[in-house]
Amino acid sequence: MEPLLNDFPVITEISVVWGEMDALQHVNNVVYFRYFETARIDYFKHIALMEETQTSGIGPVLSETQCRYKIPITFPDTLLIGSRVVDIQTDRFTMEYQIVSKKIGKVTTTGSATIVMFNFVSGQKAALPDRLIQTVQQMEKKALG
């Protein structure tokens with residue numbers, strides 16, 4: 001299963017819980033966005049983004065997100081969620097996600113998100129700090145290595 005996530009520098013493991021299932025006996029569609037959120041925050045930890053937000057007042061805001069459902073996920077299962085940054089612009093970056101089911105050994109879901117940097121003091125968009133850009137580029141380069 002790991003080869004399915006080779007190009008993703010951060011892999012987050014999540015257990016599917018019974019309460020995430022819907023009446024059709026598969027994980028409810030909205031839960032996938034929580035999985036993506038967990039993977040995104042894990043990626044942010046790897047690049048120390050939240051620490052930067054605490055010191056500078058500039059941090060990430062989710063601008064848009066999307067999900068493509070390929071294969072239903074059911075309980076019980078353990079998921080591996082790969083996350084990576086695929087585009088960096090002055091004030092935003094785009095992440096991609098890929099969910100792999102350990103139970104079936106396949107990619108079940110893909111998604112993406114655009115994250116805009118926001119100055120919480122001034123209430124306006126902000127530029128990505130150079131340190132953040134360099135950290136992301138180094139981490140992504142290692143994954144492609």
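Sequence positions, counted from 1, serve as the residue numbers for this chain.
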- Looking at CD1 of Ile81 and CG of Leu5, how far apart are the two atoms once the value is rounded to the nearest 0.5 Å? 9.5 Å
- Query: Would you say Ile99 and Lys70 make side-chain contact, with heavy atoms under 4.5 Å?
  - Reply: no
- Going by the ring pair (Phe, Tyr, Trp, His ring centres under 6.0 Å) test, which pairs reach into residues 64-84, not counting sequence neighbours? Trp18-Phe75, Tyr32-Tyr69
- Task: Could you list all the ring pair (Phe, Tyr, Trp, His ring centres under 6.0 Å) pairs where at least one residue sits in residues 107-142, not counting sequence neighbours?
- Result: Phe118-Phe120
- Query: Are the side chains of Arg84 and Val10 in touch, meaning some heavy atoms are under 4.5 Å apart?
  - Reply: no
- Note on the structure: Correct closest heavy-atom pair for Val85 and Met95 would be CG2-CG, 4.1 Å
- Message: With side-chain contact (heavy atoms from CB on, under 4.5 Å) as the criterion, how do Glu13 and Thr78 come out once you've worked through the C-alpha distance, each side chain's angles and the decisive distance to 0.1 Å?
- Response: CA-CA 7 Å; Glu13 187 169 305; Thr78 301; 3.5 Å; yes
- If you look only at pairs with a residue in residues 34-43, which of them pass as a side-chain hydrogen bond (donor to acceptor under 3.5 Å, both in side chains), with sequence neighbours excluded? Thr12-Asp42, Glu20-Tyr35, Arg40-Tyr97, Tyr43-Glu140
Extract all donor-acceptor atom pairs below 3.5 Å that involve side chains of residues 59-67 and protein atoms in other chains or at least two apart in sequence.
| unit_1 | atom_1 | unit_2 | atom_2 | d |
| --- | --- | --- | --- | --- |
| Thr65 | OG1 | Ser112 | O | 3.0 |
| Gln66 | NE2 | Ser112 | OG | 3.2 |

- Message: Among residues at least two apart in sequence or on other chains, which ones pass side chain to side chain contact (heavy atoms under 4.5 Å, CB included) with Pro72?
- Response: His26
- Query: If you round to the nearest 0.5 Å, how far is CG of Leu79 from OG of Ser15?
  - Reply: 8.0 Å
- Using atom types as modelled and distance alone, determine if a side-chain donor or acceptor of Thr53 lies under 3.5 Å from a backbone N or O of Ile58. yes
- Contact list for residues 120-130, test side-chain hydrogen bond (donor to acceptor under 3.5 Å, both in side chains), sequence neighbours left out: Asp91-Lys125
